[in-house]
Amino acid sequence: MTAEIILKGQVLAFDRSPFGEGAPQDAAKVTEAVALRDGKITGTGTLEDMRTLQPTSKMVDHSDKLITAGFVDAHVHYPQTAMIASWGKRLIDWLNSYTFPEEMRFGDRDYADEIANRYLDLTVANGTTTVCSFCTIHPESVDAIFTAAQARGQRIVAGKTCMDRNAPEGLRDTAQTGYDDSKALLQKWHGVDRLSYAITPRFSPTSTPEQLQAMGALWAEHTDCLMQTHLSEQTDEIEWVKSLFPQARDYLDTYEEFGLLGARGLYGHAIYLEDRERDRLREHGASLIHCPTSNTFIGSGLFDMAGLMAEGHRIGLATDTGGGSSFSMLRTMAAAYEIGQLRGTPLHAAQLMWLATQGSAASLRMDDKVGNIAVGMEADLVVLDLASTPAISQRSERASDLWEAIFPTIMMGDDRAITEVWIAGKQAS
């Protein structure tokens with residue numbers, strides 16, 4: 001395929017966050033075409049202007065479709081792909097019944113390769129071009145997902161999960177091996193092509209203070225890395241943390257004490273935050289990752305999107321595969337809308353689309369690279385059919401504006417809405 005191409009359609013980009021002042025829809029702009037060259041976006045505007053910019057480019061006509069940045073999924077567990085949608089457990093029982101037995105298998109590199117490729121196939125089919133994933137304690141699991149993503153030219157973040165207690169034998173490392181393995185993997189993969197490493201203590205209950213200290217030390221040595229973990233997902237989890245760390249002021253303090261609170265920190269769920277935690281997370285510019293399908297599927301609770309945004313927090317959106325019940329960011333946006341409704345603060349379609357693209361990219365500190373359509377950005381794009389099923393089509397035909405046409409696809413769309421996916425300027429197969 002040629003390195004130069006022009007895509008014609010309704011090209012959606014954001015000039016600012018739709019959570020600020022003014023109408024949410026005013027944060028976005030729609031143009032007629034986007035030009036790509038050598039994996040980057042070289043221009044947006046009228047078709048005539050793009051043809052002037054790149055007169056020899058092949059043109060692909062998607063006139064009746066929406067072209068947006070590829071979706072960015074800011075918190076996933078790719079090793080849980082095979083056991084997604086497992087019935088009937090809350091978090092701690094769910095981990096013991098489903099997650100840990102499945103993760104035991106990832107010391108087998110062939111199995112890790114199989115699931116890594118299956119996961120990336122499933123997510124690309126749903127329009128997701130960037131993910132941030134937990135792996136297992138096994139270095140093989142990290143090598144597998146990075147190798148698969150590298151072969152596809154994808155920008156992803158991943159890291160070896162570190163756990164040295166409250167997990168089955170065979171699924172625990174130690175403070176020292178967690179540090180050593182993470183450092184070796186970081187040095188092997190971080191910054192190679194479009195790959196980034198995230199230091200990854202699973203969560204406080206599965207790490208001793210010694211391991212949390214070691215992870216904090218590693219992060220201090222590699223401040224350009226992200227650090228991902230979980231925070232305040234369920235009330236019984238919080239009580240467990242209190243019993244394990246009786247001296248801690250709150251759940252966040254179990255990270256803060258060991259150097260695991262910072263601007264490049266990613267804190268999944270963050271549903272039951274105390275005032276001190278909210279203040280400290282905001283002061284550090286840390287990212288909170290909202291996982292709505294997971295929060296409803298496992299019965300965790302309702303994330304305070306409106307309140308946290310009003311306070312100035314950095315927030316991303318995520319499927320949380322496989323606690324989340326879908327690989328689709330469209331379904332994830334729909335769940336975020338539903339949770340907003342339950343809290344009395346429904347989200348506008350512009351806010352949902354921004355969360356799934358630029359907002360999540362910003363949470364990963366990658367919004368200068370992915371998550372929007374602008375000159376110089378990496379050419380990760382998704383083409384959405386806004387009439388992909390009869391039910392969606394009959395509703396979108398009645399729309400009075402573009403946002404009313406987009407909203408039925410957010411609420412009812414699935415992989416049938418994904419017409420094309422472009423990764424680094426090349427159409428994904």
Side-chain angles (χ1 to χ4, degrees), residues 72-86 89-107 111-123 126 128 130-146 148-149 154 156-163 166-168 171 173 182 185 196-207 226-231 233-234 237 266-270 289-298 300 316-329 331-332 360 363-364:
V72 178
D73 193 343
H75 179 109
V76 308
H77 298 259
Y78 97 83
Q80 297 174 16
T81 296
M83 40 74 60
I84 192 171
S86 293
K89 304 285 186 179
R90 284 176 61 81
L91 176 63
I92 297 166
D93 287 340
W94 188 85
L95 289 171
N96 289 321
S97 298
Y98 302 122
T99 301
F100 291 158
E102 176 65 13
E103 291 190 1
M104 293 280 285
R105 303 184 65 180
F106 281 77
Y111 185 72
D113 285 337
E114 175 189 345
I115 300 300
N117 281 288
R118 183 189 304 171
Y119 172 77
L120 292 178
D121 286 346
L122 287 164
T123 51
N126 282 284
T128 298
T130 298
V131 301
C132 183
S133 184
F134 289 65
C135 300
T136 68
I137 70 154
H138 311 98
E140 295 89 344
S141 70
V142 181
D143 290 337
I145 192 68
F146 277 140
Q154 280 192 261
I156 76 160
V157 185
K160 168 192 144 57
T161 295
C162 295
M163 302 190 293
N166 293 323
L171 205 58
D173 51 15
S182 298
L185 290 162
S196 299
Y197 194 85
I199 295 162
T200 308
R202 186 180 213 114
F203 65 158
S204 294
T206 53
S207 287
L226 295 166
M227 188 286 303
Q228 60 180 345
T229 191
H230 298 81
L231 176 66
E233 183 175 357
Q234 293 198 341
E237 169 207 10
L266 313 173
Y267 303 87
H269 303 290
I289 312 301
H290 179 29
C291 308
T293 68
S294 173
N295 297 162
T296 54
F297 184 75
I298 304 181
S300 298
L317 190 65
T319 64
D320 191 27
T321 307
S325 54
S326 175
F327 296 100
S328 170
M329 289 296 284
R331 177 67 198 116
T332 302
S360 283
S363 75
L364 302 180

Which heavy atom of [X] sits nearest a heavy atom of [Y], and at what distance?
| X | Y | answer |
| --- | --- | --- |
| Val157 | Tyr197 | CG1-C, 4.3 Å |
| Gly322 | Trp94 | O-CZ2, 3.5 Å |
| Ser300 | Ser294 | OG-O, 4.4 Å |
| Ala74 | Ala318 | N-CB, 3.8 Å |
| Pro79 | Glu103 | CB-CG, 4.3 Å |

Using a 3.5 Å distance criterion without hydrogens, assess whether the side chain of [X] forms a donor-acceptor pair with backbone atoms of [Y].
| X | Y | result |
| --- | --- | --- |
| Thr296 | Thr293 | yes |
| Thr161 | Cys135 | yes |
| Ser328 | Ser326 | no |

Whether His230 and Phe134 hold their rings parallel, tilted or perpendicular, with breakpoints at 30° and 60°: tilted
Do the side chains of [Y] and [X] get nearer than 4.5 Å, heavy atoms only?
| X | Y | result |
| --- | --- | --- |
| His75 | Tyr267 | no |
| Leu185 | Phe146 | no |
| Ser363 | Ile289 | yes |
| Pro292 | Leu317 | yes |
| Lys160 | Ile137 | yes |
| Arg202 | His77 | yes |
| Cys132 | Gln228 | yes |
| Ile156 | Tyr78 | no |

Within this structure, what is the [atom1]-[atom2] distance for the pair [X] and [Y], rounded to the nearest 0.5 Å?
| X | Y | atom1 | atom2 | result |
| --- | --- | --- | --- | --- |
| Ile298 | Asp320 | CD1 | CG | 6.5 Å |
| Leu95 | Thr206 | CG | OG1 | 8.5 Å |
| Gln154 | Thr123 | CD | OG1 | 6.0 Å |
| Ile115 | Thr136 | CD1 | OG1 | 12.0 Å |
| His269 | Asn295 | NE2 | CG | 6.0 Å |
| Phe327 | Leu122 | CZ | CG | 5.0 Å |

What do the steps show when you test Thr200 against Ser182 for side chain to side chain contact (heavy atoms under 4.5 Å, CB included), and what is the final call? CA-CA 8 Å; Thr200 308; Ser182 298; over 6 Å; no
Candidate pair Phe203 and Glu237, rule side chain to side chain contact (heavy atoms under 4.5 Å, CB included), full reasoning: CA-CA 10 Å; Phe203 65 158; Glu237 169 207 10; 3.4 Å; yes
Take Thr99 and Met83, measure what side chain to side chain contact (heavy atoms under 4.5 Å, CB included) needs, and give me the verdict at the end. CA-CA 8 Å; Thr99 301; Met83 40 74 60; 3.8 Å; yes
Residue pairs, two or more places apart or on separate chains, that pass side chain to side chain donor-acceptor pair (under 3.5 Å) and touch residues 112-121: Arg109-Asp113, Glu114-Arg118, Asn117-Arg152, Asp121-Arg152
Begin from the C-alpha positions of Ser97 and Ser86 and carry the test side chain to side chain contact (heavy atoms under 4.5 Å, CB included) through to its verdict. CA-CA 9 Å; Ser97 298; Ser86 293; over 6 Å; no
